[in-house]
**Student:** 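Mind looking over this structure? Questions follow.
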Amino acid sequence: MLKTHNCGELTAADIGQKVTLAGWVNRRRDHGGLIFIDLRDRWGLTQVTIDSEASPEAHAAAAQLRGEYVVQVHGTVRARPEGFENPNLATGAIEVIIHDVNILNPAKTPPFYIDGRDADSVDETLRLTYRYLDLRRARMMNNLVLRHQLVRAIREYFSARDFLEVETPILLKSTPEGARDFIVPSRMHPQKFYALPQSPQQLKQLLMVAGVERYFQIARCFRDEDLRADRQPEFTQLDLEMSFVDASDIRGLIEEMLIEVTPLLSDKEILAQPFPVITYAEAMAKYGVDRPDLRFGQTLFDLSAIVAESEFGVFRNAVANGGQVKGVVYPGGADLTRREIDELTDFVKHYGAKGLAWIGVTDAPDADGVYGDDALRSQISKFLSPREISAIVQSASVEPGDLILIVADRPGVVAQSLSNLRLEIGKRADLIPQDKLAYCWVVDFPLLEYDEDEERWQAVHHPFTSARDEDWQYLESDPGRVLAKAYDVVLNGWEIGGGSIRIYRSDLQDRMFKALGLSSAETEAQFGHLLDAFQYGAPPHGGIALGIDRMAALFAETSTIRDVIAFPKTAAGTDLMVDAPSPVTDAQLKELHIDVRPVKTKSNQPAG
RNA sequence: GGAGGCGUGGUGUAGCGGUUAGCAUAUCGGCCUGUCAAGCCGAAGGUCGCGGGUUCAAAUCCCGUCGUCUCCGCCA
């Protein structure tokens with residue numbers, strides 16, 4: 001080794017020791033006769049001091065040092081002079097007085113700061129282009145460490161419980177259901193393609209048929225869909241499957257794992273244990289989403305019944321047309337400026353709402369419980385009867401000073417706009433405790449949802465998810481009524497995982513495929529291997545998949561999973577460091593039996 | 001596929017119709033033995049993303065385009 005210690009471990013206990021350190025020049029402070037270098041490696045910073053009188057040769061070498069030079073130094077650990085300790089540094093009690101400096105490699109001036117200042121404001125394009133420098137920054141290095149600890153703790157937890165980690169293929173088969181596949185042309189089989197797996201879903205079920213009983217895998221998954229801050233075309237799941245279990249077994253296992261792992265990665269407190277269990281219907285009613293952020297209240301309330309007969313046409317018509325009128329309270333929002341309210345109106349329009357009705361409650365009602373003009377501030381109160389206003393205010397259970405915000409529209413638009421508005425209120429009114437982790441389970445999802453475009457029912461989760469035992473009877477007669485043995489785990493409003501108990505009998509799987517409108521020829525071509533397998537003694541089984549990237553991002557307290565992925569892609573799916581995707585040679589294409597068509601857009605010309 | 005934001009020395013930014021394109025920091029040189037955002041003095045560094053248009057005059061206004069970010073659609 002070119003070093004005897006790392007740059008994060010020397011303390012007062014090491015005073016007097018001769019040490020060799022090696023790392024990067026984080027910062028230098030050149031006082032002429034005396035030079036201070038903060039030497040950095042993966043573990044931290046150590047101040048090394050070079051004195052021109054004591055070591056003139058070392059001082060001459062140290063004078064050459066610049067940021068990010070790679071250097072090895074030999075010296076002696078000593079206490080810093082009284083009053084010159086640095087409490088901000090783990091190694092701040094000591095310094096290493098250097099008698100020999102060995103420059104291992106000079107470095108160009110980096111394109112952005114690596115030494116800890118301001119780097120989070122650097123344009124992400126640059127950070128991605130020079131990702132190896134970005135990762136050198138302490139914050140990003142810590143994220144890599146955190147992610148490693150997460151995956152390691154998961155592996156240890158399941159290994160200790162007799163789970164087997166089994167690898168599954170990356171080159172697999174395309175299935176039209178679900179997300180768009182990445183496809184890979186076959187050289188040996190002209191005009192045929194592999195697909196990268198969207199998840200190991202079918203394979204883990206086949207492992208159950210194989211008798212593995214307890215399977216897990218830290219699995220890479222691929223989906224060729226548009227990206228988001230929390231979505232990358234390739235991402236990592238904790239994939240898990242068990243035999244002879246019901247939903248509560250899986251939930252219990254995962255909940256225990258999360259409770260065990262969370263304190264290793266975060267100082268934040270888990271808000272509620274055991275995790276709250278919320279039905280899908282309740283989540284949609286109270287939060288407007290199936291992944292509620294339970295760190296704060298401001299639940300939605302339904303005003304549809306109150307305003308169904310209202311003089312106010314916007315509300316009345318919304319209800320008459322099968323829609324809803326629902327609201328949420330902005331605490332202390334009654335004195336928002338008109339401009340701020342307009343901002344909130346624009347905010348909900350983003351989600352399809354046509355407008356935002358608002359009632360600011362500025363004062364208490366009179367003795368009869370009636371809110372007079374003095375007690376309200378609203379653009380719609382003149383269209384509402386005193387009785388309606390009282391009922392609305394009561395439903396909202398507001399205090400004077402609060403603002404009621406109301407959306408009337410189709411249920412989907414109401415849910416989407418108000419769920420996002422609730423989060424926006426949480427941010428603006430500072431209602432979200434930043435030191436809490438709110439886990440919850442969402443259960444009793446519908447099994448199927450109707451796809452208006454394709455005019456058929458689709459699986460909400462996937463086509464192997466089992467209905468609840470008591471609901472199978474409605475599969476053909478009333479598909480929308482059937483609830484699934486499916487569950488999602490949610491953390492602070494992020495869906496971090498989901499799973500289900502699977503169908504394991506081929507007669508039920510046949511009924512499911514029929515309900516989805518798939519012909520037996522189609523199911524045979526796509527899922528024949530699975531249906532075959534189910535005829536050879538498939539055990540009851542179920543599982544779950546957890547998003548490792550999202551969990552790591554939440555624990556690392558970053559808003560994008562890119563920050564916890566070593567080499568992520570941009571929102572356009574490109575890798576700026578290696579410049580991928582990129583053209584291939586004609587010879588490569590020929591070997592793959594592929595002719596490429598010219599593209600009309602100017603942007604997409606083959607790179608020269 | 002759609003909407004919006006951003007793009008100015010290496011980096012972060014100001015300027016938003018007429019400026020010598022300002023500031024900070026980094027970089028380079030000089031001075032400096034207790035700094036840790038070291039300090040002081042000095043220097044160099046800019047096709048204002050790209051293309052077109054409007055105008056006497058464009059970093060600034062308009063159109064297009066490229067890149068990037070966020071969101072909608074999409075993501076069983």
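By convention in this document, chain letters (A, B, ...) are assigned in the order of the sequence lines, proteins followed by strands, and residues within each chain are numbered from 1.
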**Student:** For a quick test of reading the model: is some side-chain N or O of S121(A) closer than 4.0 Å to OP1 or OP2 of G12(B)?
**Tutor:** no
**Student:** Ring stacking, H31(A) with base of A38(B), under 5.5 Å and under 30°?
**Tutor:** yes
**Student:** Is U13(B) paired to anything, Watson-Crick or G-U wobble with both distances less than 3.5 Å, and if yes, which nucleotide?
**Tutor:** G22(B)
**Student:** Counting any heavy atom closer than 4.0 Å, what does D30(A) reach on the DNA or RNA strands: base, sugar-phosphate only, or nothing?
**Tutor:** base
**Student:** Rounded to whole Å, please give me the gap between CD in E53(A) and C1' in G34(B).
**Tutor:** 13 Å
**Student:** Checking only heavy atoms, does the side chain of D123(A) share a donor-acceptor pair with the base of U68(B) at less than 3.5 Å?
**Tutor:** no
**Student:** Atom CD1 of I37(A) to atom C1' of U33(B): distance rounded to whole Å?
**Tutor:** 15 Å
**Student:** Phosphate oxygens OP1/OP2 of A38(B): is one of them under 4.0 Å from a side-chain N or O of R29(A)?
**Tutor:** yes
**Student:** To the nearest angstrom, how far is E234(A) atom CD from C75(B) atom P?
**Tutor:** 20 Å
**Student:** Suppose we define a pair by two distances each less than 3.5 Å, Watson-Crick or G-U wobble; what does U70(B) pair with here?
**Tutor:** A3(B)
**Student:** Separation of Y351(A) atom OH from A3(B) atom C1', in whole Å?
**Tutor:** 12 Å
**Student:** Output the rounded distance in Å from CG (L34(A)) to C1' (G39(B)).
**Tutor:** 14 Å
**Student:** Looking for any heavy atom pair under 4.0 Å, which part of the strands does L126(A) touch: base, sugar-phosphate only, or nothing?
**Tutor:** sugar-phosphate
**Student:** What is the distance from CD of Q416(A) to C1' of C71(B), rounded to the nearest Å?
**Tutor:** 10 Å
**Student:** Hey, does N88(A) reach any base, or is it just sugar-phosphate, or nothing, if we go heavy atoms under 4.0 Å?
**Tutor:** nothing
**Student:** Please work out if E124(A) contacts a base, only the sugar-phosphate, or nothing of the nucleic acid, heavy-atom cut-off 4.0 Å.
**Tutor:** sugar-phosphate
**Student:** Between C75(B), C71(B), U70(B), spot the one nearest the side chain of R228(A), thanks.
**Tutor:** C71(B)
**Student:** State whether Q64(A) places a side-chain N or O below 4.0 Å from either non-bridging phosphate oxygen (OP1 or OP2) of C28(B).
**Tutor:** no
**Student:** Could you check whether Q324(A) and D409(A), counting side-chain N and O atoms only, form a donor-acceptor pair closer than 3.5 Å?
**Tutor:** no
**Student:** Whole angstroms only, please: what is the CG-C1' distance between D226(A) and U68(B)?
**Tutor:** 15 Å
**Student:** Indicate, with a heavy-atom threshold strictly under 4.0 Å, whether P81(A) touches base, sugar-phosphate, or nothing.
**Tutor:** base
**Student:** Any base atoms under 4.0 Å from R78(A), or only sugar-phosphate, or nothing? Heavy atoms, all strands.
**Tutor:** base
**Student:** Is S199(A) touching bases, backbone alone, or none of the nucleic acid, heavy atoms closer than 4.0 Å?
**Tutor:** base
**Student:** Quick check, are the ring centers of F222(A) and F235(A) under 6.0 angstrom apart?
**Tutor:** no
**Student:** For a quick check, tell me whether the side chain of R28(A) and the base of C36(B) share a donor-acceptor pair closer than 3.5 Å.
**Tutor:** no
**Student:** Is the CZ atom of R136(A) crowded by more than 12 outside heavy atoms at less than 6.0 Å?
**Tutor:** yes
**Student:** OP1 or OP2 of A38(B) sitting under 4.0 Å from any side-chain N/O of R27(A)?
**Tutor:** yes
**Student:** How would you list, by chain and number, every residue that makes a side-chain hydrogen bond (donor to acceptor under 3.5 Å, both in side chains) with D342(A), sequence neighbours excluded?
**Tutor:** R338(A)
**Student:** Have a look at L576(A) and say if it touches a base, only the backbone sugar-phosphate, or nothing, with a 4.0 Å heavy-atom cut-off.
**Tutor:** sugar-phosphate
**Student:** Are any non-hydrogen side-chain atoms of L206(A) and H529(A) less than 4.5 angstrom apart?
**Tutor:** yes
**Student:** Closer than 4.0 Å, any side-chain N/O of R127(A) to the OP1 or OP2 of G12(B)?
**Tutor:** no
**Student:** U68(B) phosphate, OP1 or OP2: any side-chain N/O from T574(A) under 4.0 angstrom?
**Tutor:** yes
**Student:** Rounding to a whole Å, what distance do you find between Y113(A):OH and U11(B):P?
**Tutor:** 10 Å
**Student:** Classify R66(A) by what it touches in the nucleic acid, base, sugar-phosphate, or nothing, heavy-atom distance under 4.0 Å.
**Tutor:** sugar-phosphate
**Student:** Taking the nucleotide of RNA chain B with the nearest heavy atom to each, does E85(A) or T109(A) sit closer to the 5' end?
**Tutor:** T109(A)
**Student:** Do we see a donor-acceptor contact under 3.5 Å between the side chains of R550(A) and Q237(A)?
**Tutor:** no
**Student:** If you pin G67(A) and R180(A) to their nearest nucleotides in RNA chain B, which one's is more 5'?
**Tutor:** G67(A)
**Student:** For H31(A) and G33(A), indicate whether the former's side chain and the latter's backbone hold a donor-acceptor pair under 3.5 Å.
**Tutor:** no
**Student:** Compare the aromatic ring of F36(A) with the six-membered base ring of U35(B) and state whether they stack according to the 5.5 Å and 30° rule.
**Tutor:** yes
